[in-house]
Amino acid sequence: MKKKNDLKLKQKPGPAGQSVPAQVHQSAEGVFKAEFVPRVVGEHRVHVTVCGLATAGSPYAAKVYDVNAIKVKNVNNGTVGKPVTFLVETSQAGPGNLEVTVNGGRVPTSAQAQGQHTYAISFTPREAHNHTVELRFNGQDVPGSPFTCRVSAAARIQSPETMDKVSVGRMFEFIVESDTKPTVEVLGPARRSVPVKIDAVAVGYNIKFEPVEVGDHSVEVRLPGGGHVENSPFLLKAYSAEKVIVTDIRPGVVGKSVSFGINASQAGAGNLEIIVAVNGKNVPNFVQSEGNARFKVNFKPTEAAPHSLSVRFNGHPVPGSPFTCSISPAPISLPRAIASGEALKQAAVRVDNSIDLDGFDGIEPQVFVTSPTGENIPCHVQGQGDTFSATFRPTIVGRHLISVTASDQHINGSPFSCNVFDVSCVSISGLDQQYGPAALGVPVTFSVDAAGAGEGTLELVVSTDSSTVKAEVVACARGLYDVTFIPQTTEPHYVNITFNEMPVDGSPFRVDIQQTAQTIQIGSLAMIDFPSDDQVAEIIGPDHKPVPYTINRQTAEFRTHITGNYIMRFIDRETRQHVGSRTLTVFDPSLVKITEVGEAFCHRPAILSVSLNEAGQGELSAMVKCGASEVPHNIRGPSKNGNYEIVYHPTRVAPHKITILFNDVPISLKPLEINVLPPGAGKEINVSGLGLYQARVGKTTSFAIDTTKRPGREFDVVVSGPGGQALPVRCYQTKSGHLQAEFTITKPGQCIIEVLHQSKPLPGSPFTCEAFDTSKVTVQGVPKGPMALHSPISFMVRTENAGLAEMEAFSISPTNQNVPVHVTEQSEGIYSVEFVPTQPGTYKLTLMYGGETLQGSPYIFTAATSGARNDSRAAGNGLEVCHRNKEASFIVYCPVPPNVQIERTDEFGERIEPKIKSLGNNEWRISYTIFTR
């Protein structure tokens, strides 16, 4: 039998290093109980010996924990459908298992380590009631457990039927179903904040605000510390029937068409309702759009009685409605009475206009002239017997009615409709030449604004003293035109403009022309050849200070440091007389500023505003692409503040890339990317995304379907790859509520994408998607070794086996500036890439296909001064390849204009006339075209 003194328990130091006292008690025959009280958490080692011998398994490991050391943090209330997360810290609790259950395990939970001994516990409530969260550590309740998390229903906006429009000056209200007071921001058309009133109601909060200006209002509803509530943000169109103007209501005659005008351009979005009635009966009317929310309403009266004209906008009567239009009986023709003269059809303001009156048989006629505002214009009638004349002087533009009566009866043709115009309201912009003379061979564009001058005929002639110059006129809007002509000689050009055969103010306009100025990018090394050995040069910069230069083989070399014109004056070395001068224009493409990026909607013109005010003199151009497809565009300007507008016309709901160039130099390495929105975004089912039109082989391609909250099961997507084989498509719902479609194409070629809603194709379906593979693009003929300055560096890129995509090339100079790179498609899928180094050093050229960098790109080229000025030579693709009916070109390097002869060697044997253009720096571009016979 063992005694107590025969059994010993020794507790070795605990986790903190100190020993823990232990006591042994005999609780029964042969049974002993050992007790110790740990002071710290962690693993303890327990040694048990009997008669000095260790028992089997001794020492034993005792893991000590402290459930009271567990800390629960960031316990917040939640919202249905949104994760609720809180933190549990166990660093001081020792080893053990943490158990978390929500609502007895009916709500799934997840844990994520946030560092050592700290865990983020999350669950997503699906019902709006209190959730019970229980935490146990090694089977024991954590202090405070269980605790309650209050879960509220997800906040949402109750959508009223009139959620899209509201009248200015009227209170707009909607309900937000939420337990928490939301924050609401309303921004007007000018992004100015609109005051909002928020009141608590039984179901949540009532939101009120009153629009004070016409246009789109953005409404955003958020919860504190959270994101948008359901149905937020939304767009509200504010309109004002008070801003609808009805004009030109004048008396009419039975049987003759009567018209009046409606101007709703300032009233916002909405619908016009027009009713013409007489004696309780409706009279048919016809509405003709004149653009910019202006309309002309016509009706033909059949009764001689006042007619009621009711005009309502979005159900609200416009100011003055209903209007009254007086209708007189049909005229009784006098046998010989006639009125004649140009003033019966058109007349100018503020001048006397005359009408001839004949055949009145001694009866003095009466002439009444009524303006568009209904006022009577004084008219002086004089004469006797059968012949009279009437003179009047209108003061405002618009359609006037001229009534000619005898014995209170209208003569035949009366009342007459006279168009009154004001030639002084025709304005011309773009001919002031504030940036100096126009360049020879460079298009000159100016604008003619006759919108406020009334109706009439605008005539325009561009001429020189020796010939007439062809001009192209583009109608931009009603009464607004862009005119372009290309000067072919340096003699002064004159622009003659008349309106209804009357010259506009300032006509003829003089346009001075100069030889094409040599341009160079700021920071580049300028090289100017001396005309002869017996001359020296003086170079004056744009700041009117002398510019130092060095001479290298009869060439003056200097660095350009500011934008503007550098003047090179050549002086005779002996006589010191001025021999000649030359102008070098320095520009900085990095100073071309994008001043405004307008929203882009499919099938609507989109505008990008650009300022050249600080960039120097030059020509603005642009490339607009959606995938491999070029997007039509034009450039308008300059405006009065010197800004230009790039106007493009998107036809695809997908990102568009816009490359802006100044003197052929990109203003940035990466093109500007603009998302084009569908016209009915958020209101109509639509499909969008570049994946509808372009796909990379082997990579997941996607596009989005705006279902406007319709179930996803109503939609079908079918993708047929190259060769017609069906491709698997994965569709899933995104957080934004759209339906995302994803697929992968395995080889280049055309794919057909069909998007169906309830088995009917959506607008634009089927779509043609071009699949491309950059690994199949090859680059050939890349030159090696040092390149000569001012000599073209060119090579070929072949993409005929890679599928269709956009080919892009960007080059960086030794001074980290963009360099013009010319990419020309020689034939289908074969491109020529060319650029000219203008300063010594290393150039980096990047090639991209379909937006992806080609293998081996970027290419490094080194340009050296040696060989920059060789003997006369020619280089370029036009020396080797030419396509029928397509212009080809090459460069000739020589100090004087070259003599170039081009002849066909086939059976026709004819001579081709080349075009020779000076590029400056002893460079000449030779262009020619061989036409099909």
Side-chain angles (χ1 to χ4, degrees), residues 243-253 256-266 290-292 294-298 309 318-320 323-326 328 339-357 364-383 388-405 410-411 413-428 448-459 478-480 497-507:
K243 293 185 178 293
V244 178
I245 302 172
V246 179
T247 61
D248 297 348
I249 299 178
R250 281 159 296 188
V253 176
K256 290 193 69 173
S257 180
V258 178
S259 64
F260 61 92
I262 299 177
N263 182 355
S265 59
Q266 303 300 316
E290 295 185 329
N292 195 26
R294 298 171 187 263
F295 305 92
K296 184 177 182 181
V297 184
N298 299 274
L309 311 179
V318 306
F323 305 89
T324 299
C325 178
S326 299
S328 305
S340 60
E342 183 65 23
L344 291 174
K345 296 180 180 178
Q346 66 179 24
V349 298
R350 294 184 292 276
V351 299
D352 289 333
N353 298 270
S354 298
I355 302 170
D356 295 326
L357 306 169
E364 183 175 349
Q366 293 178 305
V367 181
F368 303 95
V369 181
T370 307
S371 73
T373 59
E375 298 178 0
N376 289 324
I377 306 299
C379 185
H380 178 62
V381 180
Q382 61 182 5
F388 296 83
S389 67
T391 304
F392 66 98
R393 178 177 286 204
T395 57
I396 62 174
V397 170
R399 192 164 59 92
H400 288 55
L401 279 184
I402 302 176
S403 300
V404 182
T405 64
H410 285 274
I411 69 170
S414 177
F416 302 91
S417 179
C418 172
N419 168 49
V420 175
F421 63 92
D422 186 355
V423 69
S424 68
C425 290
V426 179
S427 62
I428 312 298
V448 180
D449 186 353
E455 296 182 3
T457 302
L458 188 71
E459 294 182 346
R478 186 174 183 268
L480 184 63
I497 304 174
T498 61
F499 187 63
N500 290 331
E501 299 183 356
M502 296 182 67
V504 304
D505 293 342
S507 180

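All values below come from the heavy atoms of this structure, side chains included, with hydrogens, waters and symmetry mates left out. Nothing here was measured: the structure is a model prediction, and the numbers come from that model.
Of the possible donor and acceptor atoms, none in the side chain of Ser259 sits under 3.5 Å from a partner among the backbone N and O of Lys296. With Asn353 contributing its side chain and Val351 its backbone, the two residues share a donor-acceptor pair below 3.5 Å. Here the side chain of Asp356 pairs no donor or acceptor atom with the backbone of Ser389 at under 3.5 angstrom. In terms of modelled atom types and a separation under 3.5 Å, the side chain of Asn263 and the main chain of Ser265 share a donor-acceptor contact.
Around CD of Glu342, the count of heavy atoms belonging to other residues, nucleotides or ligands within 6.0 Å exceeds 12. Applying the 6.0 Å contact sphere to CD of Glu290 captures more than 12 heavy atoms from other residues, nucleotides or ligands.
Taking each heavy atom of Phe392 and Cys418 in turn, the nearest pair found is CZ-SG, 4.5 Å. A pairwise comparison of heavy atoms in Ser403 and Pro415 identifies OG-CB, 3.6 Å as the closest pair. Across every non-hydrogen atom of Ser417 and Leu401, the tightest pair is CA-CD2, 4.4 Å. Summarising the geometry of Val426 relative to Ala450, their closest heavy-atom pair is CG2-CB, 4.1 Å, with the distance given to 0.1 Å. Shown here for Val381 and Ala390, the closest heavy-atom pair between the two residues is CG2-CB, 4.1 Å. Minimum heavy-atom separation, Ile355 to Ser340: CG2-O, 3.5 Å.
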Inset, instruction - Go through the steps to decide whether Asp422 and Arg350 satisfy the test side-chain contact (heavy atoms from CB on, under 4.5 Å), and finish with yes or no. - result: CA-CA 8 Å; Asp422 186 355; Arg350 294 184 292 276; 2.9 Å; yes
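Residues Thr370 and Asn376 are in side-chain contact: their nearest non-hydrogen atoms beyond the backbone lie under 4.5 Å apart. By the 4.5 Å heavy-atom criterion applied to side chains, Val246 and Val318 are counted as neighbours. Counting heavy atoms from C-beta outward, Leu357 and Val367 have side chains that approach closer than 4.5 Å.
Separating the CZ atom in Arg393 from the SG atom in Cys379 is a distance of 13.0 Å, to the nearest 0.5 Å. Between atom OG1 of residue Thr498 and atom CG of residue Leu458 there is a gap of 7.0 Å, rounded to the nearest 0.5 Å. Note that CD1 of Ile249 and OG1 of Thr324 are 8.5 Å apart. Values are rounded to the nearest 0.5 Å. Asn292 CG to Gln266 CD: the interatomic distance, rounded to the nearest 0.5 Å, is 8.0 Å. Rounding to the nearest 0.5 angstrom, the gap separating the CE atom in Met502 from the CD atom in Glu459 is 13.0 Å. Here the OG atom belonging to Ser507 is positioned 14.0 Å from the CZ atom belonging to Phe499, to the nearest 0.5 angstrom.
Partners of Phe260 by ring-ring contact (aromatic ring centres under 6.0 Å, His included), not counting sequence neighbours: none found. Shown here are the side-chain contact (heavy atoms from CB on, under 4.5 Å) partners of Glu364, two or more places apart in sequence or in another chain: Phe388.
Looking at Pro372, Ser371, Pro394 one by one, the single match for side chain to side chain contact (heavy atoms under 4.5 Å, CB included) with Val420 turns out to be Pro394.
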